[in-house]
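Here is the naming used below: chain letters follow the sequence lines, and residue numbers restart at 1 for every chain. Below, all heavy atoms of this structure are taken into account, side chains as well, without hydrogens, waters or symmetry copies. Please read these numbers as outputs of a predicted model, since none were measured by experiment.
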2 protein chains.
Amino acid sequence: MSRSRPTIHDVAREARASIATVSRALNGGVVSAAALARIETAVARLGYRRNDVARGLVTGRSGLVGVVVPDLMGPLYAQMARGIEDVLDERGMHAMLVTDHLEPAAERRAIELLRGRQVDGLVLIGSRLPADALRAAVAGTPVAHVQRDGPDDGDPQVRLDDAAGVRAAVRHLLDAGHRRIGHIAGTRRDGLERRDAYLAAMAEAGLEPGPVEAGEFTEEGGEAAAERLLGQRDVTAVFCASDRMAVGLLHAARRRGLAVPDDVSVVGFDDLTWARYLHPPLTTVRQPGRDMGRAAARLVLESPFDAAVPILRVAPTLVVRGSSGPPSDPHVTGPAARAGAPSRR
Amino acid sequence: MSRSRPTIHDVAREARASIATVSRALNGGVVSAAALARIETAVARLGYRRNDVARGLVTGRSGLVGVVVPDLMGPLYAQMARGIEDVLDERGMHAMLVTDHLEPAAERRAIELLRGRQVDGLVLIGSRLPADALRAAVAGTPVAHVQRDGPDDGDPQVRLDDAAGVRAAVRHLLDAGHRRIGHIAGTRRDGLERRDAYLAAMAEAGLEPGPVEAGEFTEEGGEAAAERLLGQRDVTAVFCASDRMAVGLLHAARRRGLAVPDDVSVVGFDDLTWARYLHPPLTTVRQPGRDMGRAAARLVLESPFDAAVPILRVAPTLVVRGSSGPPSDPHVTGPAARAGAPSRR
DNA sequence: CGCATCGATGGAAACGTTTACAGTCTGTGT
DNA sequence: ACACAGACTGTAAACGTTTCCATCGATGCG
C-alpha cells in the first residue's frame, strides 16, 4: 500500500477529467460545479498533494524567500527570522533558512544554494560579502539586507538607528548624573558605528570621552575589556556595545567587588531575551529584531515598486532596568576606594 | 544584459556538446578530457548554475531534509538545528527549517509544505501530533523525532535520558547534604518524565519526596511555582525541570531575601547558553542539543538500514556551578541525617 | 580480417505541473 | 434555421534536468 505519491494524472483519472481541468480546479480557475465536486472527492480519496517542485519548474517561482543568517543561536537573529516569517506567512510564502557561520565563503555557497532552489527573493542578515562578490552571486534575484556588515551599495537595506540608540543610552547616564562614562566597543561594523555615536554623544554634552576598550562581541571579550577599563579612575558608568559584553562586564565588576549599579552603572545594547533576568536586570537598548525582519521581508518582496528606498532605519528603544542608577558618590567612587573588599562569603 | 539564467542547453551550445554530455560532465560521469575542458570554460563564461528544482523533479530527490522546530528562539532548538546541519553538511545536503509555533495545526501544515517540496526526510522536534495524524501526514517520507512531545509509535526517535539527568541532579543535592528537596515540575511530556524520575530518585534514597509544584515551562511559571514552594518549611534545595523556571525561582528567592546557595540550593535543567552567566551561575543538567540533532539526522538518513533502533537515548551531564552547595543549617545535616547518604567520592 | 569490447557521445523520454490554444457544447437573438 | 457568444473542457507544449538506449569509431583479440 506504500504506492508512490498520487499525481495530478491519478486525480484526473479518478475524477474523469483532464489534468488541465484538475489543475484549474485546484488553482481557482473556471470549472463547472459538477467537475469541481468530482475532483474534490478524488483529491480527498487519493490524498493528493500538489508537487511544488514540478509547479515551480513551470511557473519559475517557488514561493520561497531565502534567508541567510549568521547563526541560529543568536536570539536576535532568531527574532529577525521570525519577523521575516510573519510577513511571508500572510502572503502564503515561506522562508528557507540557511546559515553561514560568519564565513564569507559559506555565505556565498548559501546564496548559490538558494538561487539553485529558485527562491523568489533573498534576505541577507549581517552579510560580510563585498559589493562586487555579492552582486555576482545574487545576479537577478531581489535582495534585502539586514544590518549589513559590509559597505553599502544600492541594495535595499534595513538597519538599526544605532546612533539614536547610543544617544539615548548615554543621555540616560548623563541625566542620572554620571560624567565619566566608559565604553566597551565592538569590532564589527555596528560596533564601530556605536563607538562613534558614543564619542559624538559625549562631545555633544561637552564632556571628554571616557576610556574606550574594544573587544570581541562575546562575554569573554566584554570581560577582558572590562578588566582593562575598570582599572581606570573615576569611571562611574560603562556603556557596552552589546548585552553579551555587558554580562562580561558584570562579572568583572563582581570579581572586583564593585556593586552594580551603586559603584558602577551598566548599560548594554540589544536587549537579548535574558537581559531582564540578569542580576541586576540589565538596562539596555532594545533592538527590535522582529520588526527589522518584517521590514526586510517587505523590502525584498516589493523592491521593484519603489526602488528609491535603499536604506531603512528602524528605531531602538531604551529599556531602563536595575543595572543603572545615579552615581553614589562621585569623588570617592572608583576601584581604589573599595579595593579588596569583596563582600561575598 | 539581464537575460534569464543560462540553462544546460546554453552550455551545450557554447561547448559544442549535447546536453547529455554536459550533464555527465557536471555530475562526474564519463566524459573525454577535451569535452570536459570545453564544458568547464563554457560554464565559467556563462556563469551557469544548475537548477536544482528541475533536477529534483527528475531525480525525485531534493537533497533537503525538512526540520520542523517549535520555535527558533529557544536556544536548545537552535542547537538541535545546528547538529542536524552538521551531518547534512558532510553529506552535501541541506536543512529546510520551518517553525510551527507549538500549534499542532501549524505542525501539520509545515509537514505538508515540506513534503510538497520533496524533502528526502523529516526531523520533527518536540512534535505534538498524535500517532495517526502523524502517520497520515508523513506518508512515505522517512521521519525521525527529537524529544517527541506525544506518544511513541514505531518511528525512530532520539530522546534525552531524562531520568539519568534527574538522578544525577538529585544525587548531587543529596551528596551535598540536603534532605528536604523540592521540585518545580513542567507540564509537557518531558516535564512529567522528569518529575517521575525525581520521585523515583527520592524514593531510592529512602526519603520522602519534598513539595512538588508544577507550572509553565517559563520564567513566570517558575516564579509562580517558587512562590508556593518557598513558603514550605525546611526546604533547603530545589530542583527545577528547566533553566527558565530556575531563573524564576532565583527571582522569587531573591525577593524573599533568601540567599542562593546558602539558604537554598538551586539546580536547573537544560544548561541554556546563559545559565553560566546568571548570578550565581546555575548548576544544571546539560542537554546536549547539538548531539541530539546530529543523532536525529543520522537516524532519518539511515533508517532503512537498521530498522531496529526506534529509540535512542542520549546522556545528559551534570554541570555543577555556584547555585548549589551544602545546606547552611547545621542541625539538619548532622551525622545521623548523613548516615544514609550514598557518598561516592 | 572479422568480431566483440570499450569509451565517448547524442537523441529522446521521462519527471508533474501550468497554461495557451483549440475545441465542444448549449442556449440565444435574429 | 443560423450564426454567435459564452461556459467548459481537453490536447499538447513548455519548464530544465537526468538517464536509458543506441550509435559510432577505435582498439584488441583470436
Side-chain angles (χ1 to χ4, degrees), chain A residues 3-40 42-43 46-64 92 112-113 115-120 139-140, chain B residues 3-40 42-43 46-64 92 112-113 115-120 139-140:
Chain A
R3 285 199 19 260
S4 66
R5 278 177 73 172
T7 75
I8 200 174
H9 287 95
D10 301 323
V11 177
R13 184 162 5 90
E14 179 89 10
R16 296 182 175 192
S18 71
I19 59 170
T21 305
V22 174
S23 177
R24 275 186 293 257
L26 262 27
N27 296 314
V30 284
V31 198
S32 68
L36 184 61
R38 289 202 316 275
I39 290 171
E40 277 173 348
V43 164
L46 265 41
Y48 169 77
R49 172 86 177 88
R50 175 177 73 203
N51 181 331
D52 287 316
V53 173
R55 170 181 233 232
L57 182 58
V58 30
T59 60
R61 314 177 32 82
S62 63
L64 253 32
E112 295 241 309
L113 165 74
R115 292 195 59 232
R117 245 76 206 198
Q118 291 192 160
V119 294
D120 301 336
Chain B
R3 284 197 21 260
S4 66
R5 278 177 72 171
T7 76
I8 201 173
H9 286 95
D10 301 323
V11 177
R13 185 163 2 92
E14 179 88 9
R16 304 187 166 193
S18 70
I19 59 169
T21 305
V22 175
S23 177
R24 274 187 295 256
L26 262 28
N27 296 316
V30 284
V31 198
S32 69
L36 184 60
R38 290 203 314 276
I39 291 171
E40 277 173 349
V43 164
L46 266 41
Y48 169 77
R49 172 86 177 88
R50 176 178 70 203
N51 181 330
D52 287 316
V53 173
R55 170 182 233 231
L57 181 57
V58 32
T59 61
R61 315 178 31 83
S62 63
L64 255 31
E112 295 241 309
L113 165 75
R115 292 196 59 234
R117 244 76 204 199
Q118 293 193 161
V119 293
D120 300 336

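- Here the side chain of A:Asp120 pairs a donor or acceptor atom with the backbone of A:Ser62 at under 3.5 angstrom.
- At a threshold of 4.0 angstrom between heavy atoms, the contacts of B:Asn27 are confined to the sugar-phosphate backbone, with no base atom among them.
- Between the side chains of B:Arg115 and A:Asn51, not a single donor N or O lies within less than 3.5 Å of an accepting N or O.
- When all heavy atoms of B:Ala17 and B:Val22 are compared, the pair lying nearest together is CB-CG2, 4.4 Å.
- The end-to-end axis angle of the helix from C:dC1-D:dG30 to C:dT30-D:dA1, rounded to 10 degrees and based on five pairs per end, is 60°.
- For B:Arg55 against B:Asn27, the heavy-atom pair with the smallest separation is NH2-OD1, 3.1 Å.
- Where A:Ser23 and B:Leu57 meet DNA chain C, the nucleotide closest to each residue was compared, and B:Leu57 sits on the side nearer the 5' end.
- Taking CZ of A:Arg13 as the start and OG of A:Ser18 as the end, the distance is 13.5 Å to the nearest 0.5 Å.
- The shortest non-hydrogen separation linking B:Val43 to B:Leu26 is CG2-CD1, 4.3 Å.
- At least one donor-acceptor pair under 3.5 Å links the side chain of A:Arg38 to the backbone N or O of A:Arg16.
- For the pair A:Val31 and A:Leu36, the tightest heavy-atom approach, listed with the atom from each and the gap, is CG1-N, 4.1 Å.
- In this structure, NE2 on A:His9 lies 15.0 Å from CD on A:Glu14, to the nearest 0.5 angstrom.
- Counting 5' to 3', DNA chain C first comes under 4.0 angstrom of a heavy atom of chain A and last does so at the ends given by C:dG16 to C:dT19.
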Contact pattern, 5' to 3', of nucleotides 4-13 of chain D - B, S or - by protein heavy atom under 4.0 Å = ----SBBB--
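- Across all non-hydrogen atoms, the minimal contact from B:Tyr48 to B:Ile8 is CE1-N, 3.5 Å.
- In this entry the distance linking CZ of A:Arg117 with P of D:dT17 reads 13 Å, nearest Å.
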